[in-house]
Protein chains: 2
Amino acid sequence: MSFVEETVGYMIRRVQERMFAAFHRRFADSGLTPAAYATLATIDRNPGVRQGRIAEELGLQNSNMVNLIKSLVERGFVERHRSASDNRVFTLTLSSAGKLFIEKMNERALALDAEYTRSLSDEERRTLIELLGKMITDPQ
Amino acid sequence: MSFVEETVGYMIRRVQERMFAAFHRRFADSGLTPAAYATLATIDRNPGVRQGRIAEELGLQNSNMVNLIKSLVERGFVERHRSASDNRVFTLTLSSAGKLFIEKMNERALALDAEYTRSLSDEERRTLIELLGKMITDPQ
DNA sequence: TATTGTTATACTCTATAACTATA
DNA sequence: TATAGTTATAGAGTATAACAATA
């Protein structure tokens with residue numbers, strides 16, 4: 001219907017919208033936004049990471065991390081401690097409740113990902129991730 | 001750094017953010033948002049289309065089309081006429097100024113698309129669009 | 001009774017700038 | 001002088017519900 005359908009930009013936007021909606025359907029009862037989930041998953045893999053580093057890695061704004069982290073702490077999933085070596089820094093780790101929680105959420109994320117890539121074969125899904133990875137790691 | 005990097009959902013979000021920023025850099029002086037550009041491109045290919053149909057096609061909200069169309073009309077790019085057969089409907093066409101404008105914007109969109117897919121070969125770019133297309137056309 | 005388009009509004013995500021405390 | 005984190009705020013994009021006019 002329009003030649004925008006032949007551009008990557010438009011197609012990505014459409015797919016992203018659908019995935020966003022699907023995420024909120026699947027994670028509605030979890031109280032997690034995509035950013036909050038990605039933050040938890042990053043802390044899980046990198047215990048002791050500081051919040052500014054997570055923001056850099058995930059492409060989030062540092063200022064927007066504050067309330068995000070605060071809510072994760074209040075829910076008992078994340079622990080914040082002052083760094084011993086640098087008193088400006090808060091190091092972040094998962095509590096045992098947080099570890100249990102992220103395990104369940106990881107399962108859910110994988111199921112969700114399988115759901116909205118169900119029209120792709122396993123190989124196509126891998127190819128898609130690989131091509132998107134090339135675009136992201138391109139220094140621009 | 002996190003296993004979210006192995007999910008399509010996360011990778012799409014990251015790519016989309018970069019493309020969004022690149023769009024605004026390239027189209028800053030045009031006064032077009034991605035939705036406005038896609039709307040113009042759709043009217044160009046489908047003269048006489050009604051605005052609700054564009055919203056459906058592009059995944060936009062009908063209520064959000066109102067101001068979008070209004071600004072395109074005010075800028076002299078789009079003409080709105082009552083449909084002869086159904087008095088509820090406005091048919092949309094491009095003015096000659098709108099046709100000149102969309103041609104330039106199409107060139108710009110293609111250049112932009114080439115820019116942020118520059119880390120991909122032509123074949124990879126085609127593959128990417130094909131895989132995204134499969135996901136979009138999946139009835140879900 | 002359903003559909004097209006409109007209005008008003010609210011919510012989420014993201015961006016920016018000024019601030020503090022520490023280095 | 002630079003960095004980590006905070007606060008407050010503004011903006012864009014999107015979503016929802018109620019409405020008028022027309023079918």
Side-chain angles (χ1 to χ4, degrees), chain A residues 9-10 12-25 27-28 30-39 43 48-74 78 80-92, chain B residues 9-10 12-25 27-28 30-39 43 48-74 78 80-92:
Chain A
Y10 174 75
I12 288 276
R13 183 177 76 82
R14 292 305 304 274
V15 169
Q16 212 265 343
E17 276 170 8
R18 285 181 71 149
M19 293 195 314
F20 211 70
F23 182 97
H24 284 291
R25 276 199 305 278
F27 281 78
S30 73
L32 293 182
T33 60
Y37 165 65
T39 296
I43 298 173
V49 67
R50 63 179 182 77
Q51 73 188 52
R53 180 77 191 83
I54 299 174
E56 283 167 31
E57 182 65 24
L58 298 180
L60 305 173
Q61 221 61 31
N62 207 323
S63 60
N64 296 325
M65 293 299 291
V66 177
N67 289 327
L68 195 164
I69 297 286
K70 188 184 290 181
S71 92
L72 293 175
V73 170
E74 281 168 1
V78 169
R80 251 164 65 109
H81 297 289
R82 285 281 184 194
S83 164
S85 56
D86 185 337
N87 217 7
R88 293 171 302 185
V89 170
F90 289 101
T91 64
L92 302 174
Chain B
Y10 173 76
I12 288 276
R13 183 177 74 83
R14 292 304 305 274
V15 168
Q16 212 264 344
E17 277 170 7
R18 286 182 70 150
M19 294 194 315
F20 212 69
F23 183 96
H24 284 291
R25 277 199 304 279
F27 282 78
S30 74
L32 292 181
T33 60
Y37 165 64
T39 297
I43 299 173
V49 67
R50 65 179 179 78
Q51 72 190 52
R53 181 77 191 84
I54 299 174
E56 283 167 30
E57 181 66 25
L58 299 179
L60 304 173
Q61 220 60 32
N62 208 323
S63 60
N64 296 324
M65 293 298 292
V66 177
N67 288 328
L68 195 164
I69 297 286
K70 187 184 291 182
S71 92
L72 293 175
V73 171
E74 280 168 1
V78 168
R80 250 164 66 109
H81 298 288
R82 285 280 183 195
S83 163
S85 56
D86 184 336
N87 219 7
R88 294 171 302 184
V89 170
F90 289 101
T91 63
L92 303 173

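The figures that follow rest on heavy atoms only: side chains count, while hydrogens, waters and symmetry mates do not. Below, read A as the first sequence line, B as the second, and so on, with proteins coming before strands; counting in each chain starts at 1.
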Can you name the closest pair of heavy atoms from Ala35(A) and Leu68(A) and give their distance?
CB-CD1, 3.9 Å
Quick one: on DNA chain D, does Gly59(B) or Asp86(B) contact a more 5' nucleotide (nearest heavy atom)?
Gly59(B)
Could you give the CZ-to-P distance, from Arg14(A) to dT14(D), as a whole number of Å?
11 Å
Using atom CD1 of Ile69(A) as one end and atom P of dT7(D) as the other, report the distance to the nearest whole Å.
13 Å
Round to the nearest Å and state the distance from Arg82(B) atom CZ to dG5(C) atom C1'.
8 Å
Starting from the 5' end of DNA chain D, give me the residue, Glu56(A) or Arg13(A), whose nearest nucleotide shows up first.
Glu56(A)
Going by side-chain contact (heavy atoms from CB on, under 4.5 Å), Phe90(B) matches just one of Arg82(B), His81(B), Arg50(B). Which one?
Arg82(B)
Would you mind telling me which of dG13(D), dT6(C), dT16(D) lies closest to the side-chain atoms of Phe20(B)?
dG13(D)
Between His24(A) and dC13(C), is there a side-chain N or O to OP1/OP2 distance below 4.0 Å?
yes
Minimum heavy-atom separation for Thr39(A) to Leu58(A), with atom names?
N-CD1, 3.7 Å
Quick one: label Val89(A) by what it contacts on the DNA or RNA (base, sugar-phosphate, nothing), any heavy atom closer than 4.0 Å.
sugar-phosphate
For the side chain of Ser83(B) and the backbone of Val89(B), is there at least one donor-acceptor N/O pair under 3.5 Å apart?
no
For a quick test of reading the model: is some side-chain N or O of Arg88(B) closer than 4.0 Å to OP1 or OP2 of dA23(D)?
no
In this structure, how many angstroms lie between the C1' atom of dT9(C) and the CG atom of Asn67(B), rounded?
13 Å
What is the distance, to the nearest angstrom, from the CG atom on Leu60(A) to the P atom on dT14(C)?
7 Å
Rounded to whole angstroms, how far apart are CG on Asn62(B) and P on dA2(C)?
18 Å
Which residue lies toward the 5' end of DNA chain C, Phe90(B) or Asn64(B), if each is placed at its nearest nucleotide?
Phe90(B)
Remember a base hit wins even if backbone is also touched, and classify Arg80(A) as base, sugar-phosphate or nothing at under 4.0 Å, heavy atoms.
sugar-phosphate
Return no unless some side-chain N or O of Gln61(B) is found under 4.0 Å from OP1 or OP2 of dA15(D).
yes
Base, sugar-phosphate, or nothing for Ser63(B), non-hydrogen atoms under 4.0 angstrom?
base
Taking atom P of dA4(D) as reference, at what distance in whole Å does atom NZ of Lys70(A) sit?
20 Å
Is the closest basic N to carboxylate O distance between Lys70(A) and Glu74(A) below 4.0 Å?
no
When you get a sec, tell me which of dC13(C), dG13(D), dT6(C) is the closest nucleotide to the side chain of Pro34(B)?
dG13(D)
What is the distance, rounded to the nearest whole Å, between atom CG of Asn87(A) and atom P of dA4(D)?
14 Å
